[in-house]
Amino acid sequence: MAEDVLVIGTYPREHAIAWKLKQSPRVGKVYIAPGNGGTGNVAENVPIGVMEFEKLAEFAIEKKISLTVVGPENPLGEGIVDVFQARGLRIWGPTKAAAQIESSKAFSKQLMADAGIPTAEFKIFTEHAEALAYVREKGAPIVIKVDGMVFGKGAYVCMTMEEAETALKETMLDNVLNTASKVVIEEFLDGQEISIHAISDGKTSIVFPTAQDHKTIGENDTGKMTGGMGVAAPISWVSKNQLADIEARVVRPALRTLADKGSPLVGMLYPGLMMTPKGPRVLEFNARFGCPEAEVYMRLMKSDVFGLFNACIDGTLADFDLEWDQEFAATIIIASGGYPDGYKKGLPITGIEEAEKVPNVIVFHAGTKLVNGQLVTDGGRVLSVSATGSTLKEAIERAYEAVGKIHFENMYYRRDIGAKALSGK
Ligand code: AMP
Ligand code: GLY
C-alpha cells in the first residue's frame with residue numbers, strides 16, 4: 001500500500017523534494033507544511049509553521065504519516081527531529097546535537113580542528129575591543145562571521161579595514177542580526193566556491209555530484225550575500241580525484257567525528273568549500289540540503305528519493321544504489337527587486353505556464369502565495385526556474401528562456417548563472 005509523507009518547509013528546496021517524492025510508486029499522498037503558492041501542484045498545503053513541532057507531530061500521528069522530511073535549518077537546529085523521534089515517528093534529518101555542525105559556527109570550527117579538516121585559520125571573540133585589535137593586526141581582506149543561524153547572511157567578507165570595522169560594530173555593538181555578539185574571525189580564502197552534498201545514515205555516506213551556487217545578489221559575485229541566486233550541476237572542472245580527496249579529507253572525518261561524539265548525523269552533510277590553490281578548504285558545514293542545490297539534485301536524481309530517505313533512517317545506505325541521470329541541470333532564482341534589502345510583496349505573477357512549456361523546465365516556488373486564485377509574490381526570492389539538458393550550456397539556455405516568459409513588477413535575476421562553471425574559473 002502506498003505511504004503518505006510530510007515535507008516541512010516553504011522554499012523551492014521543499015517544493016522540489018515534494019515533487020520528487022510524488023513520483024515514487026511507493027508514495028501516496030504528499031503533505032507540505034506550510035508550503036507556498038506553488039506547492040499545491042504536487043502536495044496538499046498544511047497551515048502549520050515549521051517551528052510548531054508539537055502541532056506537526058500531532059498532524060503526522062493523525063494522518064499516519066510514514067515519513068517526514070525536513071528542509072530548512074532552523075527547525076533542525078532547534079531539535080524537531082528529537083521531538084518526532086521521542087514520539088516514535090520516522091523523520092529524515094539530523095538531531096539537534098548533530099545539527100550543531102551548522103547551527104553553531106564555533107562548534108563546527110572546533111570539530112574541524114579536532115578532525116584535522118582543512119579550513120581557514122580562525123579565532124573566536126566575544127569582546128569587541130579584542131576582536132578589533134585582532135582585525136587590525138591581521139589586516140584586510142578578512143572575514144567576520146556571527147555565531148548563529150541567520151539564513152546565509154551571517155558572513156561579512158571584508159575587502160578593506162573600513163568594512164571590517166563596520167562589520168564588527170554592526171555585529172558586536174549594534175547587534176543588528178540579533179545574535180549573541182560572538183564572532184568568528186577568519187582568514188580570507190581566494191578561489192572558486194563549490195557545494196558538496198553527502199547523504200548519511202550515520203555510518204555510511206554517499207557523495208552527490210558537485211554543484212555551484214551563486215551567493216551574492218550582483219553579477220560576477222558582487223554585492224550583498226543572499227540565500228542563493230542560482231545553481232549549476234555537475235561542475236565538470238572538479239575531477240573525480242578531487243571529489244575523492246574531498247570525501248576522504250572533509251566528508252568522512254566530519255561524519256566520523258560527529259559519530260565519535262555520540263551524535264551521528266543522519267541526513268545531509270553539505271559542506272561549502274573554497275577550491276583554493278592550496279586545495280579544498282571548508283567555508284562552512286550545513287546539515288541539510290542546500291537551496292537552490294536541492295532543485296538541481298531532485299531534477300538529476302534517477303533513484304527513488306523515498307527509498308533513499310528511508311535507507312538513511314534504517315541505516316541501510318550501504319546497500320542503496322544511488323543513480324543519477326547523466327545530464328546537467330541549472331536553476332535560476334527570480335527575486336523581487338530590492339532583495340536582499342527591502343522589497344514589495346503581493347505583486348501578481350504571470351507566465352509560469354508558458355515557462356514550463358520550454359522543454360525540460362520546471363518552476364519551483366519560493367516566496368509566492370495564492371490570493372483568490374491569483375499567484376502573487378510573497379518574499380524576496382520568488383521562483384526557482386530549473387532546467388535539465390544534455391550539456392550544462394543547454395540546461396542554462398533553457399532555464400533562461402523560461403525565465404524570459406515570466407513577469408512581475410520589478411523582477412530581478414542574475415544573468416550569469418553557470419557562467420563560472422562553463423568557463424572553469
Ligand atoms: P558562510 O556563512 O560561512 O557560508 O559564508 C557565506 C559566504 O561568505 C560563503 O559562501 C563565501 O562566499 C563567503 N566566505 C565565507 N568565508 C570565507 C572566507 N574565509 N574567505 C572568502 N570568502 C568567504
Ligand atoms: N545554497 C545556500 C544554502 O542553502 O545555504
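In each ligand, atom 1 is the first atom listed, and ligand 1 is the first ligand listed. All values reported here derive from a predicted model rather than from experimental measurement. Starting from 1, each residue takes its place in the sequence as its number.
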Check: Can you tell which part of R288 has a heavy atom less than 4.0 Å from ligand 2: side chain, backbone, both or neither?
Finding: side chain
Checklist line | Pairs flagged by ring-ring contact (aromatic ring centres under 6.0 Å, His included) wherever residues 388-421 is involved - sequence neighbours left out | finding: none
Next item on the list: Would you mind listing which atoms of ligand 1 come within a distance below 4.0 Å of any non-hydrogen atom of V157?
Entry: 8 (O), 13 (C), 14 (N), 22 (N), 23 (C)
Checklist line | Atoms in ligand 1 with a heavy atom of E284 nearer than 4.0 Å | finding: 1 (P), 2 (O), 3 (O), 4 (O)
Notebook entry, point to check: Can the ring centres of F289 and W92 be said to be less than 6.0 Å apart?
Noted result: yes
Next item on the list: Tell me which part of M225 gets within contact of ligand 1: side chain, backbone, both or neither, using heavy atoms under 4.0 Å.
Entry: side chain
Note to self: Just to be sure I read this right, does ligand 1 sit under 4.0 Å from the backbone of L189, its side chain, both, or neither, counting only heavy atoms?
What the structure shows: both
Next item on the list: Taking only Lys NZ, Arg NE, NH1 and NH2, and the carboxylate oxygens of Asp or Glu, determine whether D341 and K224 approach each other closer than 4.0 Å.
Entry: yes
Note to self: Under 3.5 Å between any N/O of G290 and any N/O of ligand 2: does that happen in this structure?
What the structure shows: no
Notebook entry, point to check: Any N/O of Y270 closer than 3.5 Å to an N/O of ligand 2?
Noted result: yes
Notebook entry, point to check: For atom 10 (O) of ligand 1, which candidate among R281, E193, E187 provides the closest heavy atom?
Noted result: E193
Notebook entry, point to check: Which heavy-atom pair separates R13 from R288 by the least distance, and what is that distance?
Noted result: NH1-NH1, 3.2 Å
Next item on the list: Give the minimum heavy-atom separation between C158 and I144, together with the two atoms involved.
Entry: SG-CD1, 4.3 Å
Next item on the list: Please name all residues satisfying ring pair (Phe, Tyr, Trp, His ring centres under 6.0 Å) with Y134, sequence neighbours left out, ordered by chain then number.
Entry: F125
